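No hydrogens, no waters, no symmetry mates; every other heavy atom, side chains included, goes into these values. Everything numeric here is computed off the predicted structure, so don't read it as measured data. Order of the sequence lines fixes the chain letters, A, B, ..., with proteins taken first and strands second; residue numbering starts at 1 for each chain.
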2 protein chains.
Amino acid sequence: MTSDGPGLPVAPIDDPVDRKIVAALRADGRGTLKSLADVTGLSVSAVQARVRRLETSGVIRGYAATVDPEALGLPLAALVAITPLDPAQPDDAPERLAGLSEIEACHSVAGDDAYVLFVRVASPTALEQLIREIRRRAHVTTRTTVVLQTFFERPAAPGS
Amino acid sequence: MTSDGPGLPVAPIDDPVDRKIVAALRADGRGTLKSLADVTGLSVSAVQARVRRLETSGVIRGYAATVDPEALGLPLAALVAITPLDPAQPDDAPERLAGLSEIEACHSVAGDDAYVLFVRVASPTALEQLIREIRRRAHVTTRTTVVLQTFFERPAAPGS
DNA sequence: CCTGAAAACATACGGTG
DNA sequence: CACCGTATGTTTTCAGG
């Protein structure tokens, strides 16, 4: 999962204990309730209740193992900026592209283009095929920027 | 964790059981060894040994809770393309920028710019300050594309 | 929010093919 | 070497206060 877009409205976390819990679970998604209890000074069951509330309220969307993209056979990443061919037409590009599993993210943006996608593929050939498929499905032109190297890529990480 | 760049070389996973395990842990990072044992048909201890091997070999880099960016107080995202002011100078932009926690990802790219950053901030004002700081630290010009809406953003998700 | 007991789980180990 | 089964400690869960 971990989808975004039109979801529930989620207000910023104000409670400092909840912030600690969220920070700890972002650093280690498999951290035990006991470890969270130690960090927060609360009992295990109090922490459990808070974690559940954070999960059901949508603050915590889920948990995922972070996997090396090369191990997944997807060593090539790229940014694909797309622009509708016909600006008059209804713009449902995100829905049309959601089915392409190579697309990791789809952002609508301000500026020259309508959307920017972040994609991962197995090879240059696969990138070409993906770009063709994007153009075909969403009726867009594309401008692709190949990622040569990723220096870092982290789960966001705020001050506290 | 979840850093990238010059790390250990990680070959693609060829074992189908390992692929099942990795897929399951990407879908649910808190999935129990028992659930993985059920999925794979292996015993719990066999699965445990495999998971450990995947972790220590660098295939699985870690586990993280996926958190709503708005809940973190970072509702504004942007792509920042940067170009060195002096191409003759040694280019250590990634190191100089790594300390800025608002920068979620730093990719070196082919094309007009040297790097593209993905950043998250609290407000337009914070974005301006961040851009100033990026320019100052890395001696670069910047071209910023504001993200208006994120339609989806998922942990990659390969075919199987 | 806490305690406490029961169930589920993770871990380590000895044994098998 | 990869796997299994069992024993032990830990964690999760859920009742009740």
Side-chain angles (χ1 to χ4, degrees), chain A residues 1-2 8 10-68 70-73 155 157-158 160, chain B residues 1-2 8-68 71-73 155 158-160:
Chain A
M1 229 166 296
T2 313
L8 301 183
V10 175
I13 309 168
D14 52 272
D15 186 291
V17 176
D18 281 354
R19 263 203 289 273
K20 276 189 190 178
I21 291 174
V22 167
L25 285 175
R26 286 188 356 120
D28 177 13
R30 281 183 88 88
T32 64
L33 296 178
K34 186 185 184 310
S35 69
L36 297 176
D38 294 345
V39 166
T40 59
L42 264 54
S43 73
V44 169
S45 45
V47 166
Q48 185 189 36
R50 280 171 180 262
V51 170
R52 275 223 249 274
R53 194 171 46 69
L54 290 166
E55 287 168 353
T56 60
S57 70
V59 171
I60 294 177
R61 293 192 189 147
Y63 305 88
T66 307
V67 177
D68 190 297
E70 305 197 10
L72 294 175
S160 174
Chain B
M1 228 168 298
T2 312
L8 300 183
V10 175
I13 308 168
D14 50 274
D15 187 291
V17 176
D18 281 354
R19 262 204 289 274
K20 275 190 190 175
I21 291 174
V22 166
L25 284 175
R26 290 193 346 125
D28 177 13
R30 281 184 88 88
T32 65
L33 295 179
K34 186 181 184 313
S35 69
L36 297 176
D38 294 344
V39 167
T40 58
L42 264 52
S43 72
V44 170
S45 38
V47 166
Q48 186 190 32
R50 280 172 180 265
V51 170
R52 272 225 249 276
R53 195 169 46 66
L54 290 167
E55 287 168 353
T56 60
S57 69
V59 170
I60 295 177
R61 293 193 188 144
Y63 304 87
T66 306
V67 178
D68 190 296
L72 295 174
S160 170

>> Please check: side-chain N/O of Arg26(B) versus main-chain N/O of Ile21(B), any donor-acceptor pairing under 3.5 Å?
In response: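 No.
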> With no hydrogens and no angle check, is any side-chain donor or acceptor of Arg30(B) less than 3.5 Å from a backbone partner on Gly31(A)?
Replying inline: yes
Return the value, rounded to whole Å, for the distance between atom [atom1] of [X] and atom [atom2] of [N].
{"X": "Leu33(A)", "N": "dT11(D)", "atom1": "CG", "atom2": "C1'", "answer": "8 Å"}
{"X": "Asp38(A)", "N": "dT12(D)", "atom1": "CG", "atom2": "C1'", "answer": "15 Å"}
{"X": "Asp18(B)", "N": "dC3(D)", "atom1": "CG", "atom2": "P", "answer": "9 Å"}
{"X": "Arg52(B)", "N": "dC1(D)", "atom1": "CZ", "atom2": "C1'", "answer": "17 Å"}
{"X": "Asp15(B)", "N": "dA2(D)", "atom1": "CG", "atom2": "P", "answer": "10 Å"}
{"X": "Leu36(B)", "N": "dC3(D)", "atom1": "CG", "atom2": "C1'", "answer": "16 Å"}
{"X": "Arg53(B)", "N": "dC1(D)", "atom1": "CZ", "atom2": "C1'", "answer": "11 Å"}

> Which of these nucleotides, dT11(C), dC9(C), dC3(D), is closest to any side-chain atom of Lys34(B)?
Replying inline: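 In terms of side-chain proximity for Lys34(B), the closest of dT11(C), dC9(C), dC3(D) is dC9(C).
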> Val44(A) side chain: which of dT12(D), dA12(C), dC4(D) is closest?
Replying inline: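 The listed nucleotide nearest to Val44(A)'s side chain is dT12(D).
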> If you pin Ser43(A) and Gly31(B) to their nearest nucleotides in DNA chain C, which one's is more 5'?
Replying inline: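 With Ser43(A) and Gly31(B) compared, the 5'-side residue is Ser43(A).
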> What is the nucleic acid contact for Ser45(A), judged by heavy atoms within less than 4.0 Å: base, sugar-phosphate only, or nothing?
Replying inline: base
Has [X] got a side-chain N or O lying under 4.0 Å from the OP1 or OP2 atom of [N]?
{"X": "Gln48(B)", "N": "dT11(C)", "result": "yes"}
{"X": "Arg30(B)", "N": "dT11(D)", "result": "no"}
{"X": "Arg50(B)", "N": "dC3(D)", "result": "yes"}

> Looking at Lys34(A) and Asp38(A), does any basic side-chain N land under 4.0 Å from a carboxylate oxygen?
Replying inline: yes
>> Using a strict threshold of under 4.0 Å (side-chain N to carboxylate O), is an ion pair present between Asp18(A) and Arg53(A)?
In response: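 Yes, this pair counts.
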> Mapping Val47(B) and Thr32(A) onto DNA chain D by nearest heavy atom, which one lands closer to the 5' end?
Replying inline: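 The residue closer to the strand's 5' end, by nearest nucleotide, is Val47(B).
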>> Less than 4.5 Å apart, side chain to side chain, heavy atoms only: is that true for Val22(A) and Leu54(A)?
In response: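 Counting from C-beta outward, Val22(A) and Leu54(A) do come under 4.5 Å.
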